[in-house]
Undergrad: 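Below is one structure. I have some questions about it.
From a predicted model like this one, the values you see are computed outputs, not experimental measurements.
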Amino acid sequence: MDGRKNITMSAGTFDDRDGLIWFNGEWVDWRDARVHVLTHGLHYGSCVFEGERMYSGSIFKLRQHTERLFYSAQTLGFKIPYTVEEIDQACIAACEKNGIVDGYIRPVAWRGSEMMGVSAQQNRINVAIAAWDWPSYFSPELRVKGIKLETSKWRRPDPACAPVHAKAAGLYMICTLSKHAAEANGCQDALMLDYRGQVAEATGANIFISFGDGKLHTPTPDCFLDGITRQTVIGLAKARGIDVIERAIMPDELKDATEIFLTGSAAEVTPVGQIDDLTFTPGEITHQLIEDYEKTVGKKSESAAAE
C-alpha cells in the first residue's frame, strides 16, 4: 500500500453503490448513471470536471468551482446547458440526497455520442454530479511526516499545445502515468516539471516551497491550473504576513528548500517529506497553513472525525 486510505473500495467500486446521481437534470439511481461506449468524451477527451469538498455540510468555494467548470467547457468549445445557479443547487442537492456532510463532489460535463469522429458539433452536452464520503486523500501519518514524490518523465505542456488552464479530462492522462510510476517505486505522488524543465506541480496539486527565509515560493501557473486551494492558501499566507513569491523555479533549487507542501481540493495542505533523494521536514510555515486552512474550510480534526 502507498499510505493512502483505500478510498476506491471503501464503499464498493464507483459504479456499484447505493445513492443518486444528478444526470442531465434528473435524479438517477447510482448504478444506472451510464453513458454509451461511443461517447465523444471517452474517445476524444471532450470532457471537463471539478473536484469539490464539503466540510460540515457546506461546499467550500462552490461558486468558484462552478464558474471554473463553465470556463473549462467554454475553453473546450462547448456550452453547458444549465446556469451556474442550477449547477450550484444540484451540487448541494447531490450531497443532501446522498447524506453527505463531509465528502467530495464531482461535477462533470462531456460531449455525447450523436457524432463519432473528431468533429462533434451536433453532440449533446451532458452534465452529471455525484457526491460521496471521502476521507483525507493521504493517511494521517503521511500528513504529519510528509509524502514522498518522484520526479516524472512527463511534463506539463506548452500553452500553445493544449488548453492548459481548463480542468479538462485529457490533460490528466500524463498525471495518471506519472502517479502510477511513482507509486510503483514506493512514492505517493509525482513532481511534474513543465515543458521548459521548470518545477510545475504534482499530479493533482500545486506546490509551495520555503527556503528558510520566512517566505513562500510557488511556480507561476502559466501552463497548469491556478488551483482554488492554491489561491486560498496564498491569501492565508499573506494574512499571516508571509511573502508569497510566484516565479520560475528550477529543480536544482530544491536542494536548498527547508519546507515543501502541496495544495489541492483533494490533497488540502499536505507536507512533502521527500522528492527523489532530497528530504524535508515539515516546519512552522507548513503547520501554520495546515491549521489556517482547516479552520477556513471548517474541517474537523482527524481525531475528532474518528470519534
Side-chain angles (χ1 to χ4, degrees), residues 7-114 120 122-135 137 166-172 204 225 228-229 264-266 297-298:
I7 55 178
T8 302
M9 297 302 295
S10 61
T13 60
F14 274 92
D15 63 346
D16 184 18
R17 294 181 174 216
D18 295 329
L20 295 171
I21 290 177
W22 190 88
F23 199 113
N24 288 333
E26 299 181 357
W27 293 103
V28 177
D29 183 87
W30 193 287
R31 296 174 181 84
D32 295 333
R34 301 185 179 277
V35 298
H36 195 272
V37 69
L38 295 182
T39 295
H40 197 273
L42 173 63
H43 291 260
Y44 296 100
S46 52
C47 172
V48 298
F49 69 98
E50 279 297 316
E52 306 165 8
R53 283 271 198 169
M54 171 173 273
Y55 297 96
S56 302
S58 179
I59 301 174
F60 184 63
K61 295 199 171 178
L62 172 59
R63 178 53 58 92
Q64 285 181 242
H65 280 286
T66 302
E67 289 177 343
R68 188 171 66 180
L69 181 73
F70 277 69
Y71 169 81
S72 296
Q74 181 183 26
T75 301
L76 265 64
F78 64 82
K79 185 177 186 300
I80 292 175
Y82 301 96
T83 65
V84 169
E85 291 75 16
E86 286 173 323
I87 297 300
D88 278 354
Q89 289 305 310
C91 288
I92 294 169
C95 293
E96 292 174 346
K97 288 183 178 291
N98 289 288
I100 306 302
V101 176
D102 294 282
Y104 192 80
I105 305 94
R106 171 55 57 90
V108 58
W110 69 96
R111 287 190 175 99
S113 54
E114 289 74 16
Q122 304 305 316
N123 288 38
R124 176 179 181 174
I125 305 306
N126 301 275
V127 185
I129 300 168
W132 61 90
D133 286 317
W134 204 13
Y137 193 50
K167 195 169 177 68
L171 294 173
Y172 285 80
L225 284 183
I228 292 171
T229 307
S265 293
V297 301

Undergrad: Would you indicate whether the side-chain heavy atoms of Val35 and Asn126 approach each other to under 4.5 Å?
TA: no
Undergrad: Which pairs, with at least one residue in residues 85-114 and sequence neighbours excluded, count as a ring pair (Phe, Tyr, Trp, His ring centres under 6.0 Å)?
TA: Phe23-Trp110, Tyr104-Trp132, Tyr104-Trp134
Undergrad: If only atom types and distance count, is the side chain of Thr83 paired as donor or acceptor with the main-chain N or O of Glu86 below 3.5 Å?
TA: yes
Undergrad: Sub-3.5 Å donor-acceptor pair from the side chain of His65 to the main-chain atoms of Asp88, do we have one?
TA: no
Undergrad: Over all heavy atoms of both residues, which pair between Glu52 and Pro107 is shortest? Give the atoms and the distance, please.
TA: OE2-CG, 3.3 Å
Undergrad: Would you name the heavy atoms of Ala93 and Trp27 that are closest together and state the gap between them?
TA: CB-CZ2, 3.5 Å
Undergrad: Can Ile105 and Phe60 be said to form a side-chain contact (heavy atoms from CB on, under 4.5 Å), step by step?
TA: CA-CA 10 Å; Ile105 305 94; Phe60 184 63; over 6 Å; no
Undergrad: List, one per line, each side-chain donor-acceptor pair under 3.5 Å for residues 70-79, sequence neighbours excluded.
TA:
from	atom 1	to	atom 2	distance (Å)
Ser72	OG	Arg68	O	3.0
Ser72	OG	Lys167	N	2.9
Thr75	OG1	Tyr71	O	2.8

Undergrad: Report, as yes or no, whether the 6.0 Å neighbourhood of atom CD on Glu85 holds more than 12 heavy atoms from other residues, nucleotides or ligands.
TA: yes
Undergrad: If I take atom CG from residue Leu20 and atom CG from residue Asn98, how far apart are they, to the nearest 0.5 angstrom?
TA: 6.0 Å
Undergrad: Identify the two heavy atoms, one from Ser56 and one from Gly298, that lie closest to each other, and give their separation to 0.1 Å.
TA: OG-O, 3.1 Å
Undergrad: Using a 3.5 Å distance criterion without hydrogens, assess whether the side chain of Ser113 forms a donor-acceptor pair with backbone atoms of His36.
TA: no
Undergrad: Salt bridge (Lys or Arg N to Asp or Glu O under 4.0 Å) with Asp102: which residues, sequence neighbours excluded?
TA: none
Undergrad: How about Leu69 and Ile80: do any of their side-chain heavy atoms sit closer than 4.5 Å?
TA: yes
Undergrad: Restricting to non-hydrogen atoms, name the atom on Leu171 and the atom on Ala166 that form the minimum distance, rounded to 0.1 Å.
TA: CD1-O, 3.4 Å
Undergrad: Can you name the nearest heavy-atom pair linking Ile87 to Ile129, along with the distance?
TA: O-CD1, 4.0 Å
Undergrad: After noting the C-alpha distance and the side-chain angles of Thr66 and Glu50, does the key distance pass the side-chain contact (heavy atoms from CB on, under 4.5 Å) rule?
TA: CA-CA 8 Å; Thr66 302; Glu50 279 297 316; over 6 Å; no
Undergrad: Mind checking salt bridge (Lys or Arg N to Asp or Glu O under 4.0 Å) for Arg124 and listing every partner two or more places apart, or none if nothing turns up?
TA: none
Undergrad: Checking the side chain of Arg53 only, and the main-chain atoms of Ser265 only, is there a donor and an acceptor separated by less than 3.5 Å?
TA: yes
Undergrad: What are the two closest heavy atoms between Asp15 and Arg31, and how far apart are they?
TA: O-CG, 3.8 Å
Undergrad: Tell me every residue that passes side-chain contact (heavy atoms from CB on, under 4.5 Å) with Ala120, counting only those two or more places apart in sequence or in another chain.
TA: His40, Arg111, Asn123
Undergrad: Residues in side-chain contact (heavy atoms from CB on, under 4.5 Å) with Ser58, at least two apart?
TA: none
